[in-house]
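These notes concern the structure reproduced below.
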Amino acid sequence: QVQLVETGGGLAQAGGSLRLSCVASGRISTIDRVGWFRRAPGKDREFVGSIRYSDYTTSYADSVKGRFTISTNTAKNTVYLQITNLKPEDTAVYYCAVLLIGDSQFLYWGQGTQVTVSS
C-alpha cells in the first residue's frame, strides 16, 4: 500500500505558474506509475499526465501538453507537477495517484490540492 499527500496549490494569476508536489510513503518499491488528475467545478475527473517511476518516462494529455511538466525526485519520494502559463480553466482540485506494478488502474489517491486561477 502507498499513501500520497499533495501540496503546492493556491491562488494564482492567469499567466503565472505553480509547482505541485506529491509525496509518497509506504511500499515505494511497488510503484509502477504516478499520475496526476484534476477535477474542475462541474466537470468529470480528467487525466493530466503520468511518470513511470522506474525510468522517469512521462505521458501527457493532449489538452495540457506544452504547459504541464511532470518530474520526480526519487530520493525524496516526490513527484512534481509544474504548471506554466496558468489559465482560469486550470482551476480545479489536483490529485496524484499511484498505479502499482501488475495493476491495471490507479488505486491509491491523495487528498487533493486546490488550484484557483484568477483572470
Side-chain angles (χ1 to χ4, degrees):
Q1 295 183 333
V2 177
Q3 297 79 45
L4 305 169
V5 177
E6 303 99 329
T7 59
L11 179 64
Q13 295 276 22
S17 63
L18 285 172
R19 188 178 72 162
L20 311 183
S21 298
C22 173
V23 179
S25 61
R27 300 186 64 183
I28 305 301
S29 63
T30 66
I31 295 175
D32 185 356
R33 290 182 176 271
V34 177
W36 284 97
F37 300 78
R38 66 184 181 182
R39 186 185 295 275
K43 300 180 69 175
D44 291 335
R45 187 177 64 203
E46 177 186 21
F47 172 76
V48 172
S50 68
I51 186 166
R52 182 177 292 178
Y53 214 62
S54 61
D55 63 9
Y56 316 128
T57 57
T58 55
S59 297
Y60 300 96
D62 288 341
S63 61
V64 303
K65 285 181 179 177
R67 296 194 301 115
F68 286 46
T69 303
I70 298 172
S71 61
T72 186
N73 183 336
T74 56
K76 296 183 177 181
N77 296 328
T78 302
V79 173
Y80 305 97
L81 177 63
Q82 178 75 34
I83 311 173
T84 60
N85 192 23
L86 282 159
K87 303 178 183 297
E89 52 263 42
D90 293 325
T91 295
V93 178
Y94 285 73
Y95 300 89
C96 62
V98 163
L99 175 73
L100 298 182
I101 297 170
D103 284 357
S104 60
Q105 60 183 342
F106 293 86
L107 295 179
Y108 300 94
W109 295 77
Q111 83 288 352
T113 185
Q114 175 72 51
V115 171
T116 303
V117 183
S118 61
S119 60

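Among residues at least two apart or in separate chains, there is no ring pair (Phe, Tyr, Trp, His ring centres under 6.0 Å) pair with a member in residues 4-25. Within the structure, every pair that satisfies the disulfide (SG to SG under 2.5 Å) test and touches residues 14-48, not counting sequence neighbours, is listed here: Cys22-Cys96. Applying the disulfide (SG to SG under 2.5 Å) test to pairs two or more places apart or on separate chains, none has a residue in residues 30-74.
When atom types are taken as modelled, the side chain of Ser17 and the backbone of Thr84 share no donor-acceptor pair closer than 3.5 angstrom.
The hydrophobic clustering, which links ILVMFWY residues whose side-chain heavy atoms are closer than 4.5 Å, places Ile51 and Val48 together. Under the 4.5 Å side-chain heavy-atom criterion for ILVMFWY residues, no single connected hydrophobic cluster contains both Leu4 and Leu99. Trp109 and Leu107 fall into different hydrophobic clusters, where Ile, Leu, Val, Met, Phe, Trp and Tyr side chains are chained together by heavy-atom contacts under 4.5 Å. Cluster membership for Phe106 and Val64, using ILVMFWY side-chain heavy atoms within less than 4.5 angstrom, is not shared.
Applying the side-chain contact (heavy atoms from CB on, under 4.5 Å) criterion to Leu18, with sequence neighbours excluded, gives Ala12, Leu86, Val115. Here Thr116 pairs with Gln114 under the side chain to side chain donor-acceptor pair (under 3.5 Å) rule; sequence neighbours left out. With sequence neighbours left out, Gln1 forms a side-chain contact (heavy atoms from CB on, under 4.5 Å) with Gln3, Tyr108. Judged as a side-chain contact (heavy atoms from CB on, under 4.5 Å), and not counting sequence neighbours, the contacts of Val23 are Thr78. Residues satisfying the side chain to side chain donor-acceptor pair (under 3.5 Å) test with Lys76, not counting sequence neighbours, are none. Applying the side chain to side chain donor-acceptor pair (under 3.5 Å) rule to Asn77 yields no partners; only residues at least two apart in sequence or on another chain are considered.
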What pairs of donor and acceptor atoms, side-chain ones from residues 36-44 against any protein atom, are under 3.5 angstrom apart with sequence neighbours left out?
from, atom 1, to, atom 2, distance (Å)
Arg38, NE, Glu46, OE1, 2.9
Arg38, NH1, Asp90, OD1, 3.0
Arg38, NH1, Tyr94, OH, 3.0
Arg38, NH2, Glu46, OE1, 3.3

Which donor-acceptor pairs under 3.5 Å do the side chains of residues 54-61 make with protein atoms, sequence neighbours left out?
from, atom 1, to, atom 2, distance (Å)
Asp55, OD1, Thr57, N, 3.2
Asp55, OD1, Thr57, OG1, 3.0
Tyr60, OH, Ile70, N, 2.8

List the atom pairs, donor and acceptor, that lie under 3.5 Å between side-chain atoms in residues 26-34 and the rest of the protein, sequence neighbours left out.
from, atom 1, to, atom 2, distance (Å)
Thr30, OG1, Arg27, O, 2.7
Arg33, NH1, Ser50, OG, 3.4

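Across every non-hydrogen atom of Ala14 and Ser119, the tightest pair is CB-CA, 4.3 Å.
Atom OG1 of residue Thr69 and atom CG of residue Leu81 lie 8.0 Å apart, to the nearest 0.5 angstrom. How far OH of Tyr80 is from OG1 of Thr7: 9.0 Å, rounded to the nearest 0.5 Å. For the atom pair CZ (Arg67) and CD (Gln82), the distance works out to 12.0 Å, reported to the nearest 0.5 Å.
Val117 is not listed as a side-chain neighbour of Gln13, based on a closest heavy-atom distance of 4.5 Å or more.
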